[in-house]
Amino acid sequence: MIDLRQLAERKEEIARNIINRGLTIDLDAILSLQTSRSSLLGEVELLRKNRNENARKMKGRMDNDQRTVLIEEGKVLKEKISETEELLKKTESEYFNLAKLIPNYAHPAVPVGKEDTDNLEIKRWGTPHPFNFTAKDHVQLGEDLDLIDFETATRVSGPKFYYLKNDAVLLELALERYALDILRSHGFTLTITPDIARQEVVEGIGFNPRGEESNIYTIEGTDTCLVGTAEITLGGYHAGQILKEDDLPILMSGLSHCFRREAGGAGQYSKGLYRVHQFSKVEMFVYCRPEQSEQLHEKLLTIEEEIFRGLGIPYRIVDTCTGDLGAPAYRKFDIEAWMPGRGSSGEYGEVTSTSNCTDYQARRLNVRYRKEDGTNEFVHLINGTAIAISRALVAVMENYQRADGSIVVPEALVPYMGITRIEKKHR
RNA sequence: GGAGAGAUGUCCGAGAGGUCGAAGGAGACGGAUUCGAAAUCCGUUGUGCUACUUUGUGGUACCGGGGGUUCGAAUCCCCCUCUCUCCGCCA
């Protein structure tokens with residue numbers, strides 16, 4: 001949520017941002033609700049003041065007639081208070097329900113655009129090497145080498161699930177260890193988070209747990225959800241707290257499963273592991289002071305690069321456009337790795353994403369820090385993918401395939417895998 | 001799963017219908033004392049919203065959360081959550 005006290009004064013800016021992001025939000029309706037709320041609040045407070053004064057008059061001894069008069073007055077006030085409070089409550093919930101739809105401000109450098117094709121490429125690293133044979137996609141490789149079983153998973157769990165088998169299991173664990181070791185070297189606190197979170201935390205991060213478009217699973221009969229990312233549980237970690245300035249920035253990483261419904265997410269680009277209902281991910285999460293957030297956002301991006309360079313996978317970085325940002329993000333960089341099996345002759349596909357959400361999430365999660373002058377201020381929250389296993393598997397398998405159908409293990413992973421090559425098992 | 005106890009400010013802890021934003025202590029901070037320190041003494045020490053004569057002052061709300069009773073609730077009643085102890089079960 002943005003700071004609603006700035007709603008009136010920054011109205012033009014907010015309206016432009018809403019248009020840039022391709023949203024439709026009735027700002028005037030929200031402003032008028034803000035006015036009604038404010039006047040109702042004033043009314044309620046005045047009535048409560050009168051009630052308190054009335055009650056205070058009755059503290060001592062007094063004759064019965066006088067007391068009866070005061071009690072009658074008090075009864076009238078009581079009635080009025082509950083009426084006005086009810087009205088206030090209604091207005092307030094309408095106000096907040098609309099206001100929380102307002103997206104975060106966008107960094108001035110963010111390219112204006114509608115969809116991912118409008119994202120601005122800002123960097124390329126590595127060169128995709130053409131194969132002197134016909135490259136397979138990861139689905140084919142997974143089948144040929146008995147590494148991924150979609151069919152059985154569909155029977156057992158449903159579409160968009162999969163079993164990882166044999167060396168793919170080791171590959172997943174190797175990628176996790178590899179990423180965690182890099183994060184540890186950068187001073188991150190490593191965690192494995194719960195895979196379930198309360199709805200209020202999910203909402204605080206900016207996900208919508210209910211409704212048609214919701215991308216996350218809610219658990220029936222509870223107020224909890226399966227997490228779509230450890231960003232949720234890491235953001236909830238300090239929710240409601242006032243942090244010490246000296247402790248900032250707090251760098252955390254979380255390994256969790258990620259569950260996504262991806263309603264309507266079919267199509268040629270979501271085949272195989274690219275878009276699935278469950279995957280594992282190591283996430284980075286940062287709590288910091290406002291003036292640190294841009295620099296730390298860059299740092300997360302650099303770490304993501306370090307991870308993919310270490311794997312030797314060509315990638316490019318895009319500065320995500322306004323329409324593709326997502327409501328909480330002030331700025332977002334995606335790394336797109338080269339995937340030889342994607343499209344007709346290879347394409348870049350998103351493998352990481354890092355967002356500076358400034359104080360947008362912190363305001364709803366109520367995470368503040370105490371400044372030197374004694375005042376409290378909302379922290380800035382930044383998140384970034386260290387490694388999303390399913391998509392990393394796509395990139396590794398497709399880039400490291402050889403003419404004989406085997407997959408070479410990237411050098412950086414060999415110590416974690418204990419083998420140098422994934423080959424077809426002869427039984 | 002069964003039985004019981006509890007939840008108050010940074011922490012410990014009092015509080016039993018009006019004098020309670022809340023005693024007392026600890027801690028922290030500021031000052032006095034000291035060559036300096038300890039000890040001692042004095043003072044300050046929560047958060048949100050809100051108004052204004054905007055760095056202050058006032059109003060209002062907050063004693064785990066929600067509802068109720070009452071002119072008036074930290075205090076009485078109901079529901080929920082969480083924590084602790086004992087028993088059972090289990091990885």
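A, B, ... follow the sequence lines: proteins, then strands. Residue 1 opens every chain.
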Reckon [X] touches a base, only the sugar-phosphate, or nothing at all at heavy-atom distances under 4.0 Å?
{"X": "A:Leu70", "answer": "nothing"}
{"X": "A:Arg51", "answer": "sugar-phosphate"}
{"X": "A:Arg370", "answer": "sugar-phosphate"}
{"X": "A:Lys78", "answer": "base"}

Counting only Watson-Crick or G-U wobble pairs whose two distances fall under 3.5 Å, which nucleotide matches [N]?
{"N": "B:U19", "value": "none"}
{"N": "B:U60", "value": "B:G48"}
{"N": "B:U70", "value": "none"}
{"N": "B:G1", "value": "B:C87"}
{"N": "B:A39", "value": "none"}
{"N": "B:U34", "value": "none"}
{"N": "B:G6", "value": "B:C82"}
{"N": "B:G24", "value": "B:C12"}

Expressed in angstrom and rounded to an integer, what is the separation of [X] atom [atom1] from [N] atom [atom2]?
{"X": "A:Arg5", "N": "B:U54", "atom1": "CZ", "atom2": "P", "result": "18 Å"}
{"X": "A:Glu200", "N": "B:C80", "atom1": "CD", "atom2": "C1'", "result": "14 Å"}
{"X": "A:Arg56", "N": "B:A73", "atom1": "CZ", "atom2": "P", "result": "12 Å"}
{"X": "A:Leu41", "N": "B:A51", "atom1": "CG", "atom2": "P", "result": "8 Å"}
{"X": "A:Glu245", "N": "B:U10", "atom1": "CD", "atom2": "P", "result": "19 Å"}
{"X": "A:Asp3", "N": "B:C49", "atom1": "CG", "atom2": "P", "result": "9 Å"}
{"X": "A:Arg48", "N": "B:A73", "atom1": "CZ", "atom2": "C1'", "result": "15 Å"}
{"X": "A:Leu40", "N": "B:A61", "atom1": "CG", "atom2": "C1'", "result": "17 Å"}

Taking the six-membered ring for Trp, are A:His257 and A:Phe259 parallel (under 30°), tilted (30 to 60°) or perpendicular (over 60°)? tilted
A:Lys89, nearest nucleotide to its side chain (from B:C49, B:G67, B:C71): B:G67
Which of the following nucleotides, B:G59, B:G48, B:G18, is nearest to the side chain of A:Arg368? B:G48
[atom1] atom, [N] versus [M]: distance in rounded Å?
{"N": "B:A22", "M": "B:U8", "atom1": "C1'", "result": "9 Å"}
{"N": "B:C77", "M": "B:A26", "atom1": "C1'", "result": "36 Å"}
{"N": "B:G31", "M": "B:U70", "atom1": "C1'", "result": "47 Å"}
{"N": "B:A73", "M": "B:C87", "atom1": "C1'", "result": "38 Å"}
{"N": "B:G64", "M": "B:C12", "atom1": "P", "result": "13 Å"}
{"N": "B:C63", "M": "B:C76", "atom1": "C1'", "result": "16 Å"}
{"N": "B:U55", "M": "B:C71", "atom1": "C1'", "result": "39 Å"}
{"N": "B:U47", "M": "B:U10", "atom1": "C1'", "result": "13 Å"}

Between B:U60 and A:Asn52, is there an OP1 or OP2 to side-chain N/O distance shorter than 4.0 Å? yes
Report yes if a side-chain nitrogen or oxygen of A:Lys49 is closer than 4.0 Å to either non-bridging phosphate oxygen (OP1 or OP2) of B:G59; otherwise report no. no
Polar side-chain atom of [X] near backbone of [Y] as donor-acceptor pair, under 3.5 Å:
{"X": "A:Thr385", "Y": "A:Glu283", "answer": "no"}
{"X": "A:Tyr162", "Y": "A:Gln278", "answer": "yes"}
{"X": "A:Arg391", "Y": "A:Tyr274", "answer": "yes"}

What verdict does the ring-ring contact (aromatic ring centres under 6.0 Å, His included) test give for A:Phe333 and A:His297, after you've listed the backbone C-alpha separation in whole Å, the side-chain angles of each residue and the deciding distance to 0.1 Å? CA-CA 9 Å; A:Phe333 299 115; A:His297 187 208; 4.9 Å; yes
Pairwise 5' ranking along RNA chain B for A:Ser38 and A:Asn376, keeping only the more 5' one: A:Asn376
Upstream residue (5' side of RNA chain B) when A:Ile71 and A:Glu53 are each assigned their closest nucleotide: A:Glu53
Looking at A:Asp146, A:Leu145, A:Leu147, which one forms a side-chain contact (heavy atoms from CB on, under 4.5 Å) with A:Lys165? A:Asp146
State, yes or no, whether a side-chain contact exists between A:Phe285 and A:Tyr237 at a heavy-atom distance under 4.5 Å. no
Tell me, do A:Gln361 and A:Val367 make a side-chain contact under 4.5 Å, heavy atoms counted? no
